[in-house]
Amino acid sequence: MRSAIKSLLAPNPAANFEAYVSKCLSLLKTIPITQGTVLHGHLIKIGTSSERYLSVKLLIMYLTCRKPAEARQVAKEFDPFDLVVQNCFINASLQSGELDKARKLFDEMPERNEVSWTSLISGFMKAGRVNESLLYFWRNPFQNVVSWTAVISGFVQNGLMFEALSMFLELCQSEIRPNEVTFTSVLKACSETGEFRLGMSLLGLIIKTGNEHKLSVSNSLITLFLRMGEMDSSRRVFDSMEKRDVVSWTAILDMYVENDDLIEARRIFDGMPQRNEVSWSAMISRYSQSGHPEEALNLFHKMVRKGKFINVSCLSSVINALTTVKALQAGMNIHGHTVKIGMERDVYISSSLIDLYCKCGQTSDGRFLFNSVAEKNVVTWNSMIGGYGLNGQMEEANSLFEAMPSPNNVSWSALIAGYLDDTQFDKVFELFNQMLLLGEWPNKSTFSSLLCACATTASLEKGKNLHGKAIKLGIQSDVFVGTALTDMYAKSGDVEGACKVFNRMPQINEFTWTVMIQGLAESGFAIEALELFDKMDSRNPPNELMLSSILFACSHSGLVSRGLQYFRTFETKLNGSHYTCLVDMLSRAGRLEEAEELIESMPVEPEPYALAALLSGCQRHKNEELAEKTAKKLWRAAERDSGGYVMLSNLYASAGRWKDVLEVRKLMKEKGLKKNGGCSWIELKNQVHSFHSGDGAHSQSIEIYVVLDLLMYEMLPV
DNA sequence: GTAGGGTTAG
């Protein structure tokens, strides 16, 4: 870039004046303002600046870089009513979001050409003011492909796919012929709405009008086929292209990402003949979204080292990757950088930063940034609401939600997920009902939260109801929803229902396996759980929960040798609770010495539960000597881990040693330890009423006790 | 006037 400028700053323009001017023109679009000013000075010196095209370009440059004084200086050289210049000013106002100023300029023009009209139409569309844009469109005396395309693409940009498509149909009925730009927009509308059949019939029209080999059309077709799942067709379009640009390469890169083949995607990326910042951001974001934050960060470092231009997309992906690895300090450095380059208030950047702070537990820092963002969008709000939810600050989350101008289903889901995390299940159901009443559509996330609430509260009826709703919405076969459904049925005691859902799922992941194995194991279907575990794809290495489940299954069904076999296979992966399961298994089987040995030799600190399991084994198999020894250990463990006291107290209670129970309780009270209170609940008229032991009584507890007394009275024998 | 990349909820 620098050398290009230098060559233009030679004392005399090149012999070929035309070529010199066109070089200046192409460069003026891309060079930074400082160098543009230098070039401008030089052009004045050598007397070339009054060349009309150059002046227009210089004007545009100053306008887009918000240098109004310089822009006016250049504009002076023109006739004040020059249409091109006036259009430039309108465009500049539109770009900087001053729509009303643009409209005023437009209204004051003595005459207008098609560019003036189209600028206004597309400017209002870009700003999301669709209706005003349409007003200009219908009044436009110069209706042509460009203005039609401006409206169609405007609809697409505003997510109004149906309107875009019907506008296109109307265009086809007029005598105006769509061109490649029109097709590109409509193809995008088809890809985004899943209107694949329409896309295919468009293909016929595209071929008939001879647009199939246009670069932008081919690029859109690659994406359309990709969304249709027609990878081969995507590849065929790409292979048959005469010319490919960065967009084509980046689009085909996505094909491999979609196939979950990041290795091949990376190979394409490395072999791309040309890469721009979009290709880099694409690869970085893909790594970040597919759960490979380290790779994303590596690539980012490489990009920085290469001195590539870092744009907003790239930064937001990087912040997202840093959030995944909880790298708060590095994220703060990036934050500092964005402040320096003035991008801090960009919605993408600020939303990701808010998310970063919240996910690292710094909600107040997140809130500080949130407050400083002037133009928040729905994502900014949702990040903050979700952030409060993650940190259990439900009051803040709720008040922010209430203050929100127009919550969408993500906002609702975020709030619901927060209450779920905070185990306020009645709030979860209440919000869901409110959401439905307000006509907001629940989505996959909403369903997974709701189903999780059902699973935890064992609300089978509610869960079945949700299952029906999910089928109606056509999302029952989604992995997340299916997994949540399986879990709900299993945890509500309907193992058969869980199996039915599980067997019908078109694709399953690690979590699906986990909930199904766990469901079987905890419902007493030990053999089935183990069978399923053995059947599992070896590409899914067992996670901690699965191992817990199978050890639990072995322990509760007396499958000791099988349990020990698993123990030996996965010994390196076991944690404290797995060892507790094993100790429990051996103790139940009466193999007390082995259990004790295991406690002595385990590589992790034994949980109090492990000692308690051994102790209860001793009681069952009448080994008082070992019991006494273990009880002493449990007392010592209790000093470190309050859970031990609870175990002790329960054990004494089950042995009827009430004096010892009191002793332990007293000790707990002295140390300020509190046992988690019990809780029970019932469902009435779609509302969950929960009852807690100790404090936190039900709001209608007085009435409830009155009715209870009456019932007791009725039940008294006459 | 157009195509490829970005932020939030599970």
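Quick caveat, the model's predicted, so the values are computed rather than measured. Naming convention: chains lettered A, B, ... in sequence-line order (proteins, then strands); numbering from 1 in each chain.
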Distance under 4.0 Å to a non-hydrogen atom of chain A counts as contact; along DNA chain B, which nucleotides mark the start and end?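 For DNA chain B, the relevant span reads dG1(B) to dG10(B).
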Base, sugar-phosphate, or nothing: which does [X] touch, judged by heavy atoms less than 4.0 Å apart?
X	value
Val246(A)	base
Lys376(A)	nothing
Gln157(A)	sugar-phosphate
Asp245(A)	base
Thr118(A)	nothing

Looking at Phe183(A), does the NZ or CZ of Lys214(A) lie under 6.0 angstrom from its six-membered ring centre and within 45 degrees of the ring axis? no
Report yes or no: do Asn409(A) and Thr446(A) form a side-chain donor-acceptor pair below 3.5 Å?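 Not at all, the side chains of Asn409(A) and Thr446(A) share no donor-acceptor pair under 3.5 Å.
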Between Thr323(A) and Asn320(A), does any side-chain donor sit less than 3.5 Å from a side-chain acceptor?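 Side chains of Thr323(A) and Asn320(A): no pair found under 3.5 Å.
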Is the CZ atom of Phe142(A) crowded by more than 12 outside heavy atoms at less than 6.0 Å? yes
Across all chains, not counting sequence neighbours, the salt bridge (charged side-chain N to carboxylate O under 4.0 Å, His left out) partners of Glu132(A) are Arg103(A), Arg129(A)
Assert yes or no for the condition that the ring centre distance of Phe168(A) to Trp148(A) is strictly below 6.0 Å. no
